[in-house]
Amino acid sequence: MDHDVHFLLVAGLAVCVGAIVQGGVGFGLGLVAAPLLTLLDPSVMPGAVQVVNVTLPLFTLAAEWRRVDWRGLGFGVLGRLPGTLVGALVVVHVSTGTLGVLVGVMVVIAIGLGARSVSVPRNAATLVGAGFCSGVTGTATGIGGPPMALVYQSAKGPQIRATLAMFFFLSAAQSLVVLRVVGKLPDRAVVAGLSLIPFLIVGFLVSRPLRRYLDGGRTRAAVLAVAAVSAGALIVQSLAGQAG
């Protein structure tokens, strides 16, 4: 009982903070919540974080669904489908440590280019590639936002949030189905994820002032900053998994 209460309070705080970040920037829930949930109770991961990942986008879409870039979303989902399957194979057969470090380093390189005003072109190839990378890392580790976010870094705040929200909703739904099929989504993980939804709702409501602030021309810098933290969290989580 003490373990359950401790998990609920600490993980709930992480989900609340992650929801504030994602509510403002468009992504970030996984980067805040996934590493901490993994440390608190590895047995509920990555299922628990995917339950909250599939829920939060519904709140964003309720407010900003008209700003979804449907063409870009289609290419992203096209790449995400095979990426989800690869991510499931990683969960079953391969240590996620090396994968996480590799992807984290790649994200850091992309951020460095972005900080030097070298924007990633938004076309069919980059969107499919970003969707694939997001599928692999999102399914295997619960952190799948940075690849798609980097492709959309130069878009306006509402378009970033709406498009990523729809992408994350579809992506998390795919991941949950695949994890269940391969036997990596225990009921305990689903219950743990559902218990964190009230914290998620609070975080989303608190994020409203942040959205207004970032929409004043600060969204791109925020995307790069959150992606940098996400890459660091992914690398630390992966190295911790290897050490364990």
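Hydrogens, waters and symmetry mates are skipped; everything else that's a heavy atom, side chains included, is used.
Taken from CG in Leu205 to SG in Cys16, the straight-line distance is 9.5 Å, to the nearest 0.5 Å. Taking CG of Leu61 as the reference point, atom CZ of Phe169 lies at 8.0 Å (rounded to 0.5 Å). Rounding to the nearest 0.5 Å places CZ of Arg71 at 10.0 Å from CZ of Arg122. Here CG of Leu58 is found 14.5 Å from CH2 of Trp65. Values are rounded to the nearest 0.5 Å. Separating the OG1 atom in Thr60 from the CD atom in Gln22 is a distance of 6.5 Å, to the nearest 0.5 Å. Distance check, rounded to the nearest 0.5 Å: CG of Leu29 to CG of Leu56 gives 5.5 Å.
For the pair Val128/Phe75, a side-chain contact is recorded, criterion being any heavy-atom separation below 4.5 Å from C-beta on. Within the 4.5 Å cutoff, no side-chain heavy atoms of Phe167 are placed close to those of Leu127. For the pair Trp70/Met166, a side-chain contact is recorded, criterion being any heavy-atom separation below 4.5 Å from C-beta on. Side-chain contact between Leu196 and Leu200 is absent, with no heavy-atom pair separated by less than 4.5 Å. Under the 4.5 Å side-chain criterion, counting only non-hydrogen atoms from C-beta, Phe199 is not in contact with Val202. For the pair Phe7 and Val44, the minimum side-chain heavy-atom distance is below 4.5 Å.
Placement of Val10 and Val191 in two distinct hydrophobic clusters is found when ILVMFWY residues are connected by side-chain heavy-atom separations under 4.5 Å, directly or transitively. The hydrophobic clustering, which links ILVMFWY residues whose side-chain heavy atoms are closer than 4.5 Å, places Val177 and Phe132 apart.
The backbone N or O of Leu150 sits less than 3.5 Å from a side-chain atom of Gln153, completing a donor-acceptor pair. A donor-acceptor contact shorter than 3.5 Å links the side chain of Thr137 to the backbone of Cys133.
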Item to complete: Given side-chain contact (heavy atoms from CB on, under 4.5 Å), test Gln159 with Val68 step by step and report yes or no.
Response: CA-CA 6 Å; Gln159 185 181 55; Val68 174; over 6 Å; no

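Under a 4.0 Å N-O distance rule, the pair Asp187/Arg180 qualifies as a salt bridge.
Between Pro121 and Thr126 the shortest heavy-atom distance is O-OG1, 2.6 Å. The two residues Ile20 and Gly203 come nearest to each other via the heavy atoms CG1-O, 3.3 Å. Nearest approach of Val25 to Ile160, heavy atoms of both residues: O-CG2, 3.6 Å. Of all the heavy atoms in Gly131 and Met148, the pair that sits closest is N-SD, 3.9 Å. Here the shortest heavy-atom pairing between Glu64 and Ala162 reads O-CB, 3.1 Å. Scanning both residues, Val21 and Gly28, for their nearest heavy atoms gives CG1-CA, 4.2 Å.
Side-chain atoms of Thr163 and Arg67 include no donor-acceptor pair closer than 3.5 Å. If you check the side chains of Ser171 and Arg80, you find a donor sitting under 3.5 Å from an acceptor.
Phe204 carries Arg211 over the face of its six-membered ring, with the cationic atom under 6.0 Å from the centre and within 45° of the normal.
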